[in-house]
Amino acid sequence: MSETLKRDYYEVLGVERTAGADEIKSAYRKAAMRWHPDRNPNGKKEAEERFREATEAYSVLSDAQKRAIYDRYGHAGLADRPVVGPDFGRTIFEEFQDIFGLGDLFGFEDLFGGAGGGRRSGRPRVERGADLRYDLTLSFEQAAAGVHTKIKMARQEACETCNGAGAKPGSGMVTCQSCRGRGQMRYQQGPLVISRTCPACRGQGKVIREACPKCRGRGRVERERTIEVRIPAGVDSGTRLRISGEGEPGVNGGPPGDLYIFVQVQEHPFFERRGSDIYCTIPLSVPQAALGIELMVPTLDGEELMKFPEGTQSGQIFRMKGKGLSDPHEGGRGDLYVRVQVVMPAKLTREQRKLFEQLGETLRVENRPAERNSSLFERLKEIFS
């Protein structure tokens, strides 16, 4: 189709110039379903033209850079660059497999003069290595302070004997007879001709002549590795740490995967965590709460002196600023909150009872319902209304 006769790409897909990425993708999906040549055996030539036109339009409008050039200069702006790049066919089929069936669709290469043929050229497909997971359990104190630790884990690595090829050194590789070196197998599925990765050579187009005795042809062996890991202070259960490049190696020169460490923090005997703040409860006797007292209370940094004033009430909370946990995301440190629990004696000796009776004579309380706190009552009313 000449440049002067090309239709507007937005018109081809039937979308407005303001259409978003999802709308453009949906429009191409409909056009591909309608115009794929294998679905139009009676008008295959026209279908091929429409299919090529829709795919070309999608290749431009789904690419932000190409779309910006096209919006400004039209078709002329893209005249000196390939509209459908060499890898676009593979992208199309990976993204729209649900339309065409299983695997890649033969015929795209023919329609675009080789575009999309990267999967059929017989070149080994480069793949990123698999990610790995490691579950790490820390004590509350370790999570609070942060640690440098070493973890041992098993992972698949390239066989040193065959350098990951799977072939016995010196034996080499031969063309796969199943796919004749294409790396793909063609199948007929109704009106469609589809392809799938060759199971014999796994898409490489070649198979080993003689298996490596070390890895038995797999190209990989399992090894145990020790990895140093730095855990920042203040991590909590559910924290996920990513160690780049410590996953399994890639295939055919692809990049390695990553290692993800999932942290689980054990509970503390008496500290309760709320974000970067921590809480604990300190019991006081009735005389201690009434008269006030100074006590050594536990913190993450050791015991520190805290003053409880005269007339301290049960349930009252005191704060020690900066004595909580480090915040690994925003920096800084939380606070320690000490909750007081006034302990009433369950049983009294005769002498204790007499003393309490004498005290009771001097501490008269009006045993009637206390007046409500109006502001608190209004807040509660708003919450539950």
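The basis for the numbers below is simple: all heavy atoms, side chains too, and nothing from hydrogens, waters or symmetry mates.
Under the 30°/60° scheme for interplanar angles, the aromatic rings of F271 and H268 are found to be tilted.
Between the E361 side chain and the Q358 main chain, no donor and acceptor come within less than 3.5 Å of each other. With E48 contributing its side chain and K45 its backbone, the two residues share no donor-acceptor pair below 3.5 Å. Side chain of T299 to main chain of D301: a donor-acceptor pair is present (N/O by atom type, distance under 3.5 Å, no hydrogens or angles). Although no hydrogens or angles enter the test, the distance criterion places a donor-acceptor pair under 3.5 Å between the side chain of D258 and the main chain of G245. Within the 3.5 Å criterion, the main-chain N or O of S139 finds a donor-acceptor partner in the side chain of Q142.
Defined by atom type and a distance below 3.5 Å, a donor-acceptor pair is present between the side-chain atoms of D71 and Y10.
The two residues Q156 and P249 make their nearest non-hydrogen contact at O-CD, 2.8 Å. The two residues V207 and C201 have their closest heavy-atom pair at CG1-CB, 3.8 Å. In terms of heavy atoms, Q352 sits closest to K347 at OE1-O, 4.1 Å. The two residues L300 and A144 make their nearest non-hydrogen contact at CD1-CB, 4.1 Å. Counting all heavy atoms, side chain and backbone alike, R223 lies closest to A158 at NH1-O, 3.3 Å.
Using a 4.5 Å heavy-atom threshold, the side chains of H148 and E228 count as separate. Using a 4.5 Å heavy-atom threshold, the side chains of I278 and L325 count as touching. The closest side-chain heavy-atom distance from L61 to D63 is not below 4.5 Å.
Taking the six-membered ring wherever Trp is involved, the centroid distance between the rings of F262 and Y134 does not fall below 6.0 Å.
With rounding to the nearest 0.5 angstrom, the OH atom of Y58 is 8.0 Å from the OH atom of Y28. Rounded to the nearest 0.5 Å, atoms OG1 (T149) and CZ (R230) are 13.0 Å apart. The line from OG1 of T312 to CD1 of I282 is 12.5 Å long, rounded to the nearest 0.5 Å.
At least one test fails for R273 against the ring of Y279: distance under 6.0 Å to the centre or angle within 45° of the axis.
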Only pairs under 3.5 Å count here: list side-chain donor-acceptor contacts from residues 208-218, not counting sequence neighbours, and write none if there are none.
{"from": "R209", "atom 1": "NE", "to": "S171", "atom 2": "O", "distance (Å)": "2.9"}
{"from": "E210", "atom 1": "OE2", "to": "K168", "atom 2": "NZ", "distance (Å)": "3.4"}

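Applying the ring pair (Phe, Tyr, Trp, His ring centres under 6.0 Å) criterion to Y70, with sequence neighbours excluded, gives Y9, H75.
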